[in-house]
Amino acid sequence: MQAVELFAGAGGLAMGVSLAGFETLAVVEWDKWACDTIRENQKRGYPVVGDWPVWEGDVRGFDWSSIPDGIDLVSGGPPCQPFSLGGKHRAYDDSRDMFPATVEVIRKLRPKSFIVENVKGLTRSSFANYFQYILLQLEFPEVTARKDEDWFDHLKRLQAEKTSGALHGTGLTYNVVPTLVNAANYGVPQKRERVFIVGFRHDLGVKWSFPRPTHSLDALIYSQWVTGEYWKKHRLGPKRRPAMPERLRSKVRSLEKDSRVPAEKPWLTVRDALLDVPDPRRRGARKFLNHNFRDGARVYPGHTGSPLDLPAKTLKAGDHGVPGGENMMVLDTGDVRYFTVREAARLQTFPDGYIFHGAWSETMRQLGNAVPVALSRRVAASVAERLIEAELHKLSRAKGRDVA
């Protein structure tokens, strides 16, 4: 199966797509530092990215005629600043809104499927109409805006098309499934809520839903405060472990009374993710790439760091430098320090052999913008399964006609 990656960043989504079995025909990214990260790993012979054709530039300037029509997958995370809680919230009035460019690529390539990822802020009530506009454009990519037509009038025409259902029988249309996802529910040691918009070309007849969660907070609470297995694993006796938070007492009592063990695995915590990573200030830390200590972390209102025994707070890229609270941990002593690049990469489930190019602020920005590799692999694998099933069904029908 073949794929192209838009707005690739440091390659988190693209890596998950490759690990799910897709051959990547093009990786498009405008940021120099992110492209340098991918190229640096290619020079070092990192296998997953070794044959990625990287194109540094605006996605709107790429020659899409070099990519065959009807490829299996287009994936990417359009810039999220127009919709993020930390941004200016300008949406369609923001020049960084790349959803129109994404729709244009889908219209040109007519892929069998697409995976689009973006921030939770896209689902806010203030963006409700524009979110619907994005979904309808992805569903009907050939219903383009007319000259001098504003987005709201275009939305009305798309809504009318949706109501009529006429194009689903004749034109290029997609069955689109948007899902708000917490990455912690899929084995990522980070509470990272993101929107995934997955579409399959209508003629394939694919029915798809987002993969079921594999991890849960209840399972973590059960492991910590009912069985104590979590503390045993980390060799933390009663004197070294924190006290049970008061807010959890009723939940723990409920889990103790319930005879059923949570079916999911426990959420992975910061302590889980960094179990074998030494403190960057100690000897032996240099064997880990990108694992240099960064001084200056401090607590202030709204920036309090990530506790060790929960998934990390959402790593953020920041508009000006690196936000302190989202990118630091609270140690057992109560002190705080910044995550190193390697630790942040662990929280985003990048493999240890993958290095990041650029100054600390640039590398942390790349990580703050990235899609967790483990989550992207899970989503891409579920898409691949449906594409294979659709192809087998097509072959089966063709064989039946031949026999007849």
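These values consider heavy atoms only, across backbone and side chains, with no hydrogens, waters or symmetry-generated copies.
- Shortest non-hydrogen contact noted between Met1 and Ala384 is CE-CB, 3.5 Å.
- At a threshold of 4.5 Å between non-hydrogen side-chain atoms, the residues Glu142 and Arg110 count as touching.
- To the nearest 0.5 Å, atom CD of residue Glu29 and atom CG of residue Asp58 are 10.5 Å apart.
- No option in Lys251, Lys265, Arg260 other than Lys251 meets the salt bridge (Lys or Arg N to Asp or Glu O under 4.0 Å) test with Asp218.
- In this structure a side-chain-to-backbone donor-acceptor pair under 3.5 Å is present from Gln348 to Leu367.
- Using a 4.5 Å cut-off on side-chain heavy atoms (C-beta onward), Leu347 and Leu315 make contact.
- Annotation: side chain of Thr179 is in contact with side chain of Val177 (closest heavy-atom distance under 4.5 Å).
- For Phe210 and Tyr186, the distance between ring centers is under 6.0 angstrom.
- Rounded to the nearest 0.5 angstrom, Asp258 CG and Ser254 OG are separated by 6.5 Å.
- Without hydrogens or angle criteria, His291 side chain to Pro278 main chain gives a donor-acceptor distance under 3.5 Å.
- With hydrogens and angles left out, the side-chain atoms of Trp208 and Ser382 include a donor and acceptor closer than 3.5 Å.
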query: Should Arg157 and Asp153 be marked as a salt bridge (charged side-chain N to carboxylate O under 4.0 Å, His left out) after you check the CA-CA gap, both sets of side-chain angles, and the distance that decides it?
result: CA-CA 7 Å; Arg157 284 201 300 115; Asp153 287 336; over 6 Å; no
message: Determine whether Trp33 and Phe356 satisfy the following criterion, ring pair (Phe, Tyr, Trp, His ring centres under 6.0 Å), listing intermediate values before the conclusion.
response: CA-CA 9 Å; Trp33 298 106; Phe356 294 83; over 10 Å; no
message: Determine whether Glu343 and Arg294 satisfy the following criterion, salt bridge (charged side-chain N to carboxylate O under 4.0 Å, His left out), listing intermediate values before the conclusion.
response: CA-CA 12 Å; Glu343 289 167 335; Arg294 177 84 178 190; over 6 Å; no
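- Scored by the ring pair (Phe, Tyr, Trp, His ring centres under 6.0 Å) test, His357 finds no partners at all (sequence neighbours excluded).
- In this structure, the side chains of Val383 and Ile115 come closer than 4.5 Å at one or more pairs of heavy atoms.
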- prompt: Can Ile197 and Asn118 be said to form a side-chain contact (heavy atoms from CB on, under 4.5 Å), step by step?
  reply: CA-CA 8 Å; Ile197 307 171; Asn118 215 269; over 6 Å; no
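- For Arg281, the side chain to side chain donor-acceptor pair (under 3.5 Å) test picks out Asp279, with sequence neighbours left out.
- A donor-acceptor contact shorter than 3.5 Å is absent between the side chain of Arg286 and the backbone of Asn292.
- The pair Arg365-Asp31 does not meet the salt-bridge criterion, since no charged nitrogen lies less than 4.0 angstrom from a carboxylate oxygen.
- In this structure, a donor-acceptor pair under 3.5 Å is present between the side chains of Thr304 and Lys313.
- Lys191 is listed as a side-chain neighbour of Trp267, based on a closest heavy-atom distance under 4.5 Å.
- Side-chain contact check for Val270 versus Leu310: every heavy-atom pair is 4.5 Å or farther apart.
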- prompt: What's the verdict on side-chain contact (heavy atoms from CB on, under 4.5 Å) for Val336 and Arg298, showing C-alpha distance, side-chain angles and the deciding distance?
  reply: CA-CA 7 Å; Val336 296; Arg298 62 186 181 88; 5.5 Å; no
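- Using a 4.0 Å cut-off between a side-chain N of Lys or Arg and a carboxylate O of Asp or Glu, Glu362 and Lys32 do not qualify as a salt bridge.
- Residues Glu139 and His202 form no side-chain contact, since every pair of their non-hydrogen atoms from C-beta on lies 4.5 Å or further apart.
- For Ala390 against Val206, the heavy-atom pair with the smallest separation is CB-CG2, 4.0 Å.
- Note that the CD atom of Gln137 and the CD atom of Glu104 stand 10.5 Å from one another [nearest 0.5 Å].
- The side chain to side chain donor-acceptor pair (under 3.5 Å) search around Asp352 returns Arg346, not counting sequence neighbours.
- Between Tyr133 and His154, the ring-plane angle classifies as perpendicular under the 30° and 60° cut-offs.
- Listed for the Gln42 side chain is a donor-acceptor partner under 3.5 Å among the backbone atoms of Val49.
- With 3.5 Å as the limit, one finds no donor-acceptor pair spanning the side chains of Trp151 and Asn129.
- For Thr144 against Glu149, the heavy-atom pair with the smallest separation is O-OE1, 4.4 Å.
- With Thr349 contributing its side chain and Ala345 its backbone, the two residues share no donor-acceptor pair below 3.5 Å.
- Across every non-hydrogen atom of Val119 and Val195, the tightest pair is O-CG2, 3.6 Å.
- Comment: Arg212 does not engage Glu264 in a salt bridge, judged by the lack of any side-chain N to carboxylate O separation of less than 4.0 angstrom.
- Side-chain atoms of Asn41 come within 3.5 Å of backbone N or O of Ile355 as a donor-acceptor pair.
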field: salt bridge (charged side-chain N to carboxylate O under 4.0 Å, His left out) between Arg271 and Asp332, intermediate numbers included
entry: CA-CA 10 Å; Arg271 198 187 296 273; Asp332 287 323; 2.8 Å; yes
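- Across all non-hydrogen atoms, the minimal contact from Gly199 to Tyr174 is C-CD2, 4.3 Å.
- In this structure, Asp335 CG and Met328 CE are separated by 11.0 Å, a value rounded to the nearest 0.5 Å.
- Separation of atoms CZ (Arg342) and CZ (Phe288) is listed at 9.0 Å; rounding is to 0.5 Å.
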- request: Any chance you could lay out the side-chain contact (heavy atoms from CB on, under 4.5 Å) test for Val188 and Leu268, step after step, and finish with the verdict?
  value: CA-CA 6 Å; Val188 176; Leu268 294 179; over 6 Å; no
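- Nearest approach of Gly358 to Thr363, heavy atoms of both residues: O-CG2, 3.4 Å.
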What pairs of donor and acceptor atoms, side-chain ones from residues 2-14 against any protein atom, are under 3.5 angstrom apart with sequence neighbours left out?
from : atom 1 : to    : atom 2 : distance (Å)
Glu5 : OE1    : Ser75 : OG     : 2.4

For residues 223-232, dump all side-chain donor-acceptor pairs below 3.5 Å to protein atoms at least two apart in sequence or in another chain.
from   : atom 1 : to     : atom 2 : distance (Å)
Ser223 : OG     : Tyr230 : N      : 3.2
Gln224 : NE2    : Asp309 : O      : 3.1
Thr227 : OG1    : Ser223 : O      : 3.4
Thr227 : OG1    : Glu229 : N      : 3.2
Tyr230 : OH     : Thr269 : OG1    : 2.8
Tyr230 : OH     : Asp309 : OD1    : 2.6
Trp231 : NE1    : Gln224 : O      : 2.8

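- Take Ser65 and apply the side chain to side chain donor-acceptor pair (under 3.5 Å) test, not counting sequence neighbours, and it matches Asp63.
- Separation of the Phe127 and Phe131 ring centroids does not fall under the 6.0 Å cut-off.
- Arg124 places a side-chain N or O within 3.5 Å of a backbone atom of Gly121 that can act as its donor or acceptor partner.
- Contact annotation: the side chain of Asn290 never approaches that of Thr340 to less than 4.5 Å [non-hydrogen atoms, C-beta and beyond].
- From Leu138, atom CG reaches atom CZ of Phe114 across 4.5 Å, with rounding to the nearest 0.5 Å.
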